[in-house]
Amino acid sequence: MIIENDKNCSWINDLTPRTNIKSIESNEDCEYLVIGAGYTGLSAAKKLRELHTNQKIIIVDAHFAGEGASSRNSGYLVDTTLNDGFTSNKELDNYKKKADIYKLGIETVKKFIKEYQVDCDWNECGKYFASSKVEDKKTLENFSVTLSKLGFEHNLLSNKELKERLGTNFYNIALHTKGGILLHPGKLVRAMIDTLPENINLYENSPLLNWEKNKDTVICKFKNASIKTKKIIFATNGFLKSLGIKSNYNFPITLTASMTRSLSDEEFKLLGEPKEWGVLPVRPMGATIRMTKDRRILIRNTAEVHNPYQMSKSELTKRSLKQKIGIKKRFPELPDDIIQSSWSGIVSRTRNSSQIFEKIDDNIFVAGCYNGSGIGVGTLFGEQIAIKASNENTKEIETIEARDKPTWLPPDPILSLGVRARLIYERFRAKSEI
């Protein structure tokens, strides 16, 4: 099945279209095969080339490299997340393990950006966890205690301060963390593609139809060819389950987002000319919203169980209307027709918000399921799973493997029904925040 992503993602449309795109047309053999060319797969392929200069490395993507979730997210490189549920010392310890992984992810992306002088609108402005509900102050105060125990610099803000910083009266309480980074996800992943070593074979528009292990070889079949490889790394994130990888430990969720055109000088002045900012919701199904460097407003306020391979134009339009309502609630002074584009994307989740990183057979490795934190963690996991597949070890791998492992999920239809019920419940709790 060809994955048909909508072609109206602002981040992708900001980029110059790539040329010389190749699909796999003839049978090949290789030492290492990477499935998926997003942050994880590209990072893995690059590290494999560093470790194995004379071996054949192939990376394959079902769509265009970097144009899946890697370009379709909201552009947050996170240091902390709020909705993890931490009340005891044991849970605090688990949260610290997760935060350690986020820190390593930020460092990995920083290192790449510095090495290749990447321009991806990098802004170390932090992020806000914000709510219009004053009663959410208690949640943020509890979160503040956790962050203080772990040494994260942060501060609580009220409505007046938020109005000055964000240009909207909508939010009444927020917690700002200083370690978060905002960036242009499309520019970052495009740089990863552009700096991929020339002697790595990249094939695109080549969906993996099926795969099997035969003794010491993994055989992958595509529409017009097959690849035999000695070792394989699956880096398909939201599509792991559809390939039968750790299928009882992860599930895909479809998100949709919209972005406005750039605000005019007059519109920008109406909002108080705020600096670039990013808001994440206190309640899980609330809206994620950003003011970008070039005065565009991005909003993401839907999450659902949906066919991960395609969202029709009419379905996307319905969700875009919800995003228009979300923008107007926050910025009533802006015109009704300000949204320029809307798009869908896939995030991969686990039951306990942990990530997948493991060797599942002698020559089969997998990294993915970032629970919405894929920019840094995905880049880190790609690099480290390549090292693990090379039978080597690092302190980073030890940190990753110290985390809680993903917990078991029931099979469908029980899983889908349960996820849908949970999303409905969280959507109801966060209805004022959408």
Side-chain angles (χ1 to χ4, degrees), residues 1 3-6 36 38 40 68-69 72-74 76 78 81-86 91 94 98 139 234-257 280-288 299-312 315-316 318-320 322-323 326 342-358 366-374 377-378 403-434:
M1 179 185 292
I3 297 173
E4 296 183 17
N5 282 324
D6 49 274
T40 303
R72 294 168 176 271
N73 63 75
S74 300
Y76 290 75
V78 301
T81 53
L82 171 58
N83 297 302
D84 284 296
F86 30 85
E91 287 167 341
N94 289 335
K98 196 172 291 188
T139 300
F234 286 99
T236 55
N237 202 29
F239 297 95
L240 288 174
K241 187 177 178 70
S242 62
L243 291 174
I245 309 295
K246 301 292 290 182
S247 53
N248 283 347
Y249 294 87
N250 72 100
F251 58 93
I253 294 289
T254 297
L255 309 179
T256 52
L280 296 173
V282 173
R283 303 190 182 194
M285 286 291 289
T288 294
I299 183 168
R300 195 280 301 155
N301 64 0
T302 67
E304 58 195 309
V305 178
H306 189 277
N307 173 11
Y309 287 94
Q310 185 177 22
M311 179 174 284
S312 70
E315 290 175 310
L316 196 59
K318 292 176 184 176
R319 289 149 186 82
S320 181
K322 291 183 180 179
Q323 281 139 21
S342 302
W343 64 90
S344 63
I346 308 300
V347 67
S348 183
R349 305 279 316 187
T350 57
R351 187 174 189 169
N352 62 343
S353 296
S354 188
Q355 309 94 353
I356 293 173
F357 178 94
E358 64 184 89
V366 57
C369 209
Y370 306 120
N371 302 282
S373 304
V377 181
R403 81 204 185 287
D404 278 2
K405 305 301 184 287
T407 49
W408 183 85
L409 291 161
D412 280 327
I414 297 170
L415 174 61
S416 292
L417 289 171
V419 173
R420 283 190 173 95
R422 181 71 184 188
L423 290 176
I424 289 169
Y425 168 72
E426 294 292 0
R427 193 176 295 122
F428 175 77
R429 284 191 67 243
K431 60 183 180 181
S432 64
E433 304 306 297
I434 293 172

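Without hydrogens or angle criteria, Asn352 side chain to Lys405 main chain gives a donor-acceptor distance under 3.5 Å. With hydrogens and angles ignored, the 3.5 Å screen pairs a side-chain donor or acceptor of Lys98 with a backbone N or O of Ser353. Side-chain atoms of Arg72 come within 3.5 Å of backbone atoms of Ser344 as a donor-acceptor pair (strictly under, hydrogens ignored). Of the possible polar contacts, one joining the Asn250 side chain to the Ile245 backbone as a donor-acceptor pair under 3.5 Å is found. Side chain of Ser354 to main chain of Asp404: a donor-acceptor pair is present (N/O by atom type, distance under 3.5 Å, no hydrogens or angles). Panel note: side chain Ser416, backbone Pro413; no donor-acceptor pair is recorded below 3.5 Å. In this structure, the side chain of Asn301 engages the main chain of Ile434 through a donor-acceptor pair within 3.5 Å.
When all heavy atoms of Gln355 and Asn371 are compared, the pair lying nearest together is N-ND2, 4.3 Å. The nearest pair of heavy atoms linking Tyr249 to Ile356 is O-CD1, 4.5 Å. Contact between Gln323 and Ala257 at its shortest, heavy atoms only, is OE1-C, 3.4 Å. Closest of all the heavy-atom pairs between Thr254 and Pro308 is OG1-CA, 4.2 Å. What you find for Tyr370 and Gly374 is that their closest heavy atoms are CB-CA, 3.6 Å. Pairing each heavy atom of Val78 with each of Ser373, the nearest pair is CG2-OG, 3.6 Å.
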Requested in this report: Starting from the C-alpha separation in whole Å, work towards a yes-or-no answer on side-chain hydrogen bond (donor to acceptor under 3.5 Å, both in side chains) for Ser242 and Tyr309.
Outcome: CA-CA 10 Å; Ser242 62; Tyr309 287 94; 3.1 Å; yes
Report task. Might you work through the side-chain contact (heavy atoms from CB on, under 4.5 Å) test for Leu243 and Thr236, ending with a clear yes or no? Result -> CA-CA 9 Å; Leu243 291 174; Thr236 55; 3.7 Å; yes
Requested in this report: Evaluate the side-chain contact (heavy atoms from CB on, under 4.5 Å) criterion for residues Leu316 and Thr256: first the C-alpha distance (whole Å), next the side-chain angles of each, then the deciding distance (0.1 Å), finally the verdict.
Outcome: CA-CA 8 Å; Leu316 196 59; Thr256 52; 3.9 Å; yes
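The shortest side-chain heavy-atom distance between Leu423 and Val305 falls under the 4.5 Å cut-off.
Considering Lys322, Arg427, Arg319, Arg422 in turn, Arg319 is the only one that fulfils the salt bridge (charged side-chain N to carboxylate O under 4.0 Å, His left out) rule with Glu304.
Remark: Phe234 CZ to Leu240 CG distance equals 9.0 Å, nearest 0.5 Å. The line from OG1 of Thr288 to CG of Asn73 is 10.5 Å long, rounded to the nearest 0.5 Å. The distance from atom CD of Glu426 to atom CZ of Arg283, rounded to the nearest 0.5 Å, is 10.0 Å. Separating the CZ atom in Phe357 from the NZ atom in Lys246 is a distance of 13.0 Å, to the nearest 0.5 Å. To the nearest 0.5 angstrom, Thr139 atom OG1 is 7.5 Å from Leu82 atom CG. Atom CG of residue Leu409 and atom NZ of residue Lys241 lie 7.0 Å apart, to the nearest 0.5 angstrom.
In the displayed structure, Arg351 atom CZ is contacted under 6.0 Å by at most 12 heavy atoms of other residues, nucleotides or ligands.
Salt bridge annotation for Glu315-Lys318: absent, with no cationic side-chain nitrogen under 4.0 angstrom from a carboxylate oxygen.
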